[in-house]
Amino acid sequence: MKFSENWLRSWVNPDLSSEELAHLLTMAGLEVEDLAPVAPAFNNVVVAQVLSVEKHPDADRLNVCQVNVGEAEPLTIVCGATNVAAGIKVPCARIGAVLPGDFKIKQAKVRGIASFGMLCSAVELGLATESDGLWLLPEGAPAGLPLRQYLELDDKLFTLKLTPNRSDCSSIKGIAREVAALTGSHYELIKIVEQPADLSAQLSLVVEDKIACPLYCGRQVFGVNAAVATPVWMQRRLERSGQRPINVVVDITNYVMMELGQPLHAFDVASLSGKITVRRAKKDEALSLLGGQMVALDEEVLVIADDDKALALAGIMGGSDSGVETTTRDVFLEAAFFHPDAIAGRARRFGLATDASFRFERGVDFSATRAALERATQLLLAICGGKAGEITQVSATVPTRTAINLRVSRVARVLGIALECSQIARLFKRLQFEFVMNGDIFSVTPPSFRFDLSIESDLIEEIARLYGYDNIPAQSPRAALTMLPDSELQRPLARVQQLMVARDYQEIVSYAFVEEQLERELCANQNPVILQNPIASNMAVMRSSLLVGLVSALRFNLNRKQLRVRLFETGACFSRHADKYLQTQCFSGIAYGSISPEQWGIVAKPVDFYDVKADLQALFEPQLLRFVAAVHPALHPGRSAQVLLADKIIGWLGELHPQWQQQYNMAQSAVWFEVEVDALIETAIPHLRGIARFLPVRRDLAVLVDESVNAQTLIDAMLQTKVVQEVVLFDVYRGAGVVQGKKSLAFRISLQDTEKTLTDAEIEPGMALLIEVLNKLGAQLRM
């Protein structure tokens, strides 16, 4: 939002400098993005009238001019401009003037004739980048008046970076209202005179979608002179607001929009056929816009139409077939309130960004719609002449303004300062809020121009803005500090993360939003938690596992020639069960490449299932994990397992499925694990136990079992024997001497008694008992 400071001060003129006003607005939430003068610095330049022009006697391209600068005697000035002529009015830099670039004007002789100043172009004054000669001023410009005063060149341009919630400040009226509230200055409203109808003619209006357009006003003005020039003051204000003057009728509608914040549109009555209808566009209906763009419409787009065709995109842009030209004689003025939901996003669909859509998408003041039409009519009749017809209005239910309750105690709690009810009441009056007090509770009805007020916190923010953030003292927080319990049954997650870093893993943080296809393929999740408004198509669902993020990070690193990657992540995973959503904290890691960094002392070996299994077991020490073969959609069917702790499934471990390895162009497989954080941080309270003083006894035992028998089953059974302290599988053999369908498992068994040294007489019965246990499980002693 760009505007002229002079225009603003014609509404409200606080006793503040430009810089102070900019700071005030910024601190109130209306960030002043830029504050710049409309013209570079120069002085002693006046409006001058050329009285006569004569050829220079000694130069063909020079003229000797007599120039009226508002004094008793004219000045003699030598000028070489091709467009100099008697009677024109131009800027004149007098002797002593300093122009942009520190160019100083002095009395000089030009080919023998004294020159007492310089007639200027816009380029020489720093107001244009190119020109064809002298800057010709309007005929009514008073000779001798300082040019800066005549053209208001001491004005400054404010550029606001409006947030989407402050649509009420997208006009001079709105900004002036805000400044008046912030400073307590007098707020000078313009006088809008209701224009009586000179003719009874009315154009029929039909609003088919009254939810999208609950208020539509229109009026015909006949016999206007659209060829008349737009007044200089209006052109100046429009240009300084970033608007390009087009023709007087269009300029008037743009001016009222910048002044009051209500977009308007003007139609050429000669191009209309029948009644005006506000309706949804028809499928495949086409419209040629004012900029020449042809757009294809559908039922989601609201249009203004006559009996034959669509005339305009409602609240966005008019059509070229019904636009006002300088030859237009009769005009239909439109002022409407379109619901923000009916306009939001429609302009972007067609690659448009218009001032009208900017305002309607955020909400305009529906109580001022008719007043804006009256203001446009007032200006149109005053500048272009003509006769006004009756106003036709179609109205339905406009948005209701629900009262908001504000507790004074809540204000003190949020802002940290105690404000009296009378202080809050004064601030609300300055904001033009209607309210009712009931004890220390205010019931505030937001005005029609404030679409951003809906909850108690909004009102507290308004109080803070007007009271002044700078006026709220910075107080150190005071609170009672208590030691939080630190359970011995849990260890800090940070300690686990440090263990992973020590094992050469690097932590990543990925989005909880993932691509739906990857979620279904890698996690076999056919019922993912789908986002209603995803930020991107590849972030459409919530992850049920950290696998997708880790695989994506692995691929990112592999694409950048990283040959060894070890990553881990801690994060929330989400799932849906019946009508409930569950959130689980998970800890996951992935390893790819060699076991250790490349070096001469270690033979390169690809990381495998057992390497990552060792990393996982190290995280859970001293607790013991069990691994049970199971199938996971993302993992190799013969190299994947469920992770169990105390017979409870807490996660997965395995190599990535060859299908994904091939699809993601991996030279070798990656190994992934994922466990629940609750199980990972859980630990047992340590108990003291005496160290055995007697040596253990080792025995090796080899048995033949079916291929289907799990070695862990045998180990669990042997550990149930009293004197067995440890059982380790150290060899698996298939081949000569072993029947097909069988395998040989060799175990190292440690036996120990904490009270005495075991003798052979005690060891042999123990080994016999072990063999008996194994026989019950289908194992045969291998001789």
T354 side chain to S357 side chain, donor-acceptor N/O pair below 3.5 angstrom: yes

Is it the case that over 12 heavy atoms from other parts of the model lie below 6.0 angstrom from the NZ atom of K605? yes

Check whether any side-chain N or O of E462 sits under 3.5 Å from a backbone N or O of L453 as a donor-acceptor pair, and report yes or no. no

Distance-only donor-acceptor check, side chains T683 and R491, under 3.5 Å: no

Worked check of side-chain contact (heavy atoms from CB on, under 4.5 Å) between D486 and L484: CA-CA 6 Å; D486 188 8; L484 297 177; over 6 Å; no

OG1 of T26 to CD of E31: how many Å apart, nearest 0.5 Å? 6.0 Å

Exactly one of R734, K743, K742 should register a salt bridge (charged side-chain N to carboxylate O under 4.0 Å, His left out) with D706. Which one does? K742

Cation-pi check, R560 to F556: give yes when NZ or CZ is under 6.0 Å from the six-membered ring centre and within 45° of the ring axis, no otherwise. yes

Polar contact flag, side-chain donor to acceptor under 3.5 angstrom, R543-S510: yes

For the residue pair Q661 and S669, what are the closest heavy atoms and their distance? OE1-CB, 3.4 Å

State which residue, out of R346, K283, R280, R349, fulfils the salt bridge (charged side-chain N to carboxylate O under 4.0 Å, His left out) condition with D298. R349

More than 12 heavy atoms of other residues, nucleotides or ligands under 6.0 Å from OH of Y610: yes or no? no

Kindly give the heavy-atom pair with the smallest separation between V727 and M718, and that separation in Å. CG1-CE, 3.5 Å

Please find the pair of heavy atoms, one from V364 and one from F360, that lie closest to each other, and give the distance. CG2-CE2, 3.7 Å

Do any N or O atoms from the side chain of R362 and from the backbone of F358 form a donor-acceptor pair under 3.5 angstrom? yes

Can you confirm whether more than 12 heavy atoms, excluding those of Y664, are under 6.0 Å from its OH atom? yes

Donor-acceptor side-chain pairing of Q659 and Q663 below 3.5 angstrom: no

Can you spot which of V628, I650, I649 makes a side chain to side chain contact (heavy atoms under 4.5 Å, CB included) with V643? I650

Take atom CD in E621; do more than 12 heavy atoms of anything else shown fall under 6.0 Å from it? yes

So does E598 have more than 12 non-hydrogen atoms from other groups sitting under 6.0 Å from CD? no

If you take all heavy atoms of M294 and A286, which pair is closest and at what distance? SD-CB, 4.0 Å

Evaluation steps, side-chain contact (heavy atoms from CB on, under 4.5 Å), between E676 and E674: CA-CA 7 Å; E676 296 175 5; E674 182 168 294; over 6 Å; no

Between the main-chain N or O of F587 and the side-chain N or O of T570, is there a donor-acceptor pair closer than 3.5 Å? no

Assess whether atom CG of L493 is packed by more than 12 heavy atoms of other residues, nucleotides or ligands within 6.0 Å. yes

D615 versus Y505, side-chain donor and acceptor atoms under 3.5 Å: yes

Closer than 3.5 angstrom, by distance alone: can the side chain of S594 be matched with the main-chain N or O of A604 as a donor-acceptor pair? no

Check the pair S588, W672 against side chain to side chain donor-acceptor pair (under 3.5 Å), reporting the backbone distance first and the verdict last. CA-CA 7 Å; S588 186; W672 164 77; 2.7 Å; yes

Take atom CG in L563; do more than 12 heavy atoms of anything else shown fall under 6.0 Å from it? no

Under 4.0 Å between a Lys/Arg side-chain N and an Asp/Glu carboxylate O for R450 and D458? no

Does atom CD1 of I535 have more than 12 heavy-atom neighbours from other groups under 6.0 Å away? yes

Could you go through the ring pair (Phe, Tyr, Trp, His ring centres under 6.0 Å) check for Y581 and F574 one step at a time? CA-CA 7 Å; Y581 294 98; F574 307 87; 9.4 Å; no

If you look at every heavy atom in L729 and D731, which pair is closest and at what distance? CD1-O, 3.5 Å

For I508 and A553, the nearest pair of non-hydrogen atoms, with its separation, is CD1-CB, 3.8 Å

List the steps, then state whether salt bridge (charged side-chain N to carboxylate O under 4.0 Å, His left out) holds for R566 with D611. CA-CA 12 Å; R566 298 164 75 88; D611 297 318; over 6 Å; no

Please check if any side-chain donor atom of Q720 sits under 3.5 Å from a side-chain acceptor atom of D716, or the reverse. no

Does the distance from a Lys or Arg side-chain N to an Asp or Glu carboxylate O, for R520 and E516, drop under 4.0 Å? yes

Should the ring pair F337 and H339 be called parallel, tilted or perpendicular, given that the plane angle runs from 0 to 90° and is split at 30 and 60? perpendicular

